[in-house]
K.L.:
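I am attaching a structure below and will ask some questions about it afterwards.
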Amino acid sequence: MVIAGIVKLDQFCKSILDIDRNVRSVAILNGKGKLLHSAAHRGVVQPSLEKWNDTRYMECTFDISMGAKFDDLYGPVRYHHSDKDDFIMFSFPHRKNIIIITSTKKTSPIAFATKIAHMINDFKEF
């Protein structure tokens with residue numbers, strides 16, 4: 001059962017990596033900020049995710065959970081994105097998990113986030 005779950009997470013991460021050539025990495029966190037699975041393009045030096053620790057993942061989880069506090073007022077958070085010096089980071093809440101995706105600056109944030117949000121909604125396996 002656990003192996004099947006890991007295979008599904010790996011397939012999901014790879015499908016996100018394949019959706020756009022500008023995507024650099026995908027990480028899936030649980031609600032407490034613990035890394036469940038990650039994937040990155042081979043040979044690509046990740047700007048930050050290789051150096052990240054549980055504290056930074058918990059920060060992403062906190063940002064999404066703070067936005068959820070205002071769901072009744074503004075509606076649910078669909079995604080959050082932030083520009084870093086040399087990449088863009090997207091966070092997508094999915095049930096009790098958070099999906100973090102990094103991409104190059106060549107990505108159009110709104111169009112990309114919409115495409116990924118649809119893909120996440122269609123993937124109900126985790």
K.L.:
Taking side chain to side chain donor-acceptor pair (under 3.5 Å) as the test, write out the residues that go with H80, two or more places apart.
P.N.:
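Once residues adjacent in sequence are excluded, H80 has no partner under the side chain to side chain donor-acceptor pair (under 3.5 Å) criterion.
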
K.L.:
Of all residues at least two apart in sequence or in a different chain, which pass the side chain to side chain donor-acceptor pair (under 3.5 Å) check with S91?
P.N.:
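Here no residue qualifies.
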
K.L.:
Could you work out, with side chain to side chain donor-acceptor pair (under 3.5 Å) as the rule, every residue matching K115, not counting sequence neighbours?
P.N.:
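With sequence neighbours excluded, K115 shows a side chain to side chain donor-acceptor pair (under 3.5 Å) to no residue whatsoever.
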
K.L.:
Enumerate the salt bridge (charged side-chain N to carboxylate O under 4.0 Å, His left out) contacts for residues 11-22, please, sequence neighbours excluded, ordered by first and then second residue.
P.N.:
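Qualifying pairs, neighbours excluded: D10-K14.
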
K.L.:
State the CD1-CD1 distance between I101 and I88, to the nearest 0.5 angstrom.
P.N.:
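It is 12.0 Å, given to the nearest 0.5 Å.
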
K.L.:
Could you tell me the separation between the CD1 atom of I16 and the CD1 atom of I99, rounded to the nearest 0.5 Å?
P.N.:
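It is 5.5 Å, given to the nearest 0.5 Å.
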
K.L.:
Check ring pair (Phe, Tyr, Trp, His ring centres under 6.0 Å) between F90 and all other residues, then give those that pass, not counting sequence neighbours.
P.N.:
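Listed in chain order: H81, F112.
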
K.L.:
Identify the heavy atoms of T114 and I110 that sit nearest to each other, and give their distance.
P.N.:
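Smallest interatomic distance, heavy atoms only, reads OG1-O, 2.8 Å.
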
K.L.:
Evaluate side chain to side chain contact (heavy atoms under 4.5 Å, CB included) for F92 paired with I116, printing each intermediate quantity in order.
P.N.:
CA-CA 9 Å; F92 296 87; I116 295 296; 3.5 Å; yes

K.L.:
To the nearest 0.5 Å, what is the distance between CD1 (I28) and CD1 (I98)?
P.N.:
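Here the interatomic distance stands at 11.5 Å.
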
K.L.:
Measure the spacing between NE2 of H41 and OG1 of T102 and express it to the nearest 0.5 Å.
P.N.:
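Interatomic distance, H41 NE2 to T102 OG1, rounded to 0.5 Å: 9.0 Å.
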
K.L.:
Heavy atoms only: give me the nearest P93-R78 pair and the separation to one decimal.
P.N.:
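Here P93 and R78 meet closest at CD-O, 3.5 Å.
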
K.L.:
Please identify each residue that fulfils side chain to side chain donor-acceptor pair (under 3.5 Å) with T104, with sequence neighbours left out.
P.N.:
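Residues passing side chain to side chain donor-acceptor pair (under 3.5 Å) with T104: N22.
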
K.L.:
Any idea which heavy atoms bring T107 and P109 closest together, and the distance?
P.N.:
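That would be O-CD, 3.2 Å.
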
K.L.:
To the nearest 0.5 Å, how far apart are NZ in K96 and CG in N30?
P.N.:
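One finds 10.5 Å between NZ of K96 and CG of N30.
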
K.L.:
How many angstroms lie between CZ in F12 and NE2 in H94, if you round to the nearest 0.5 Å?
P.N.:
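These two atoms lie 7.0 Å from each other.
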
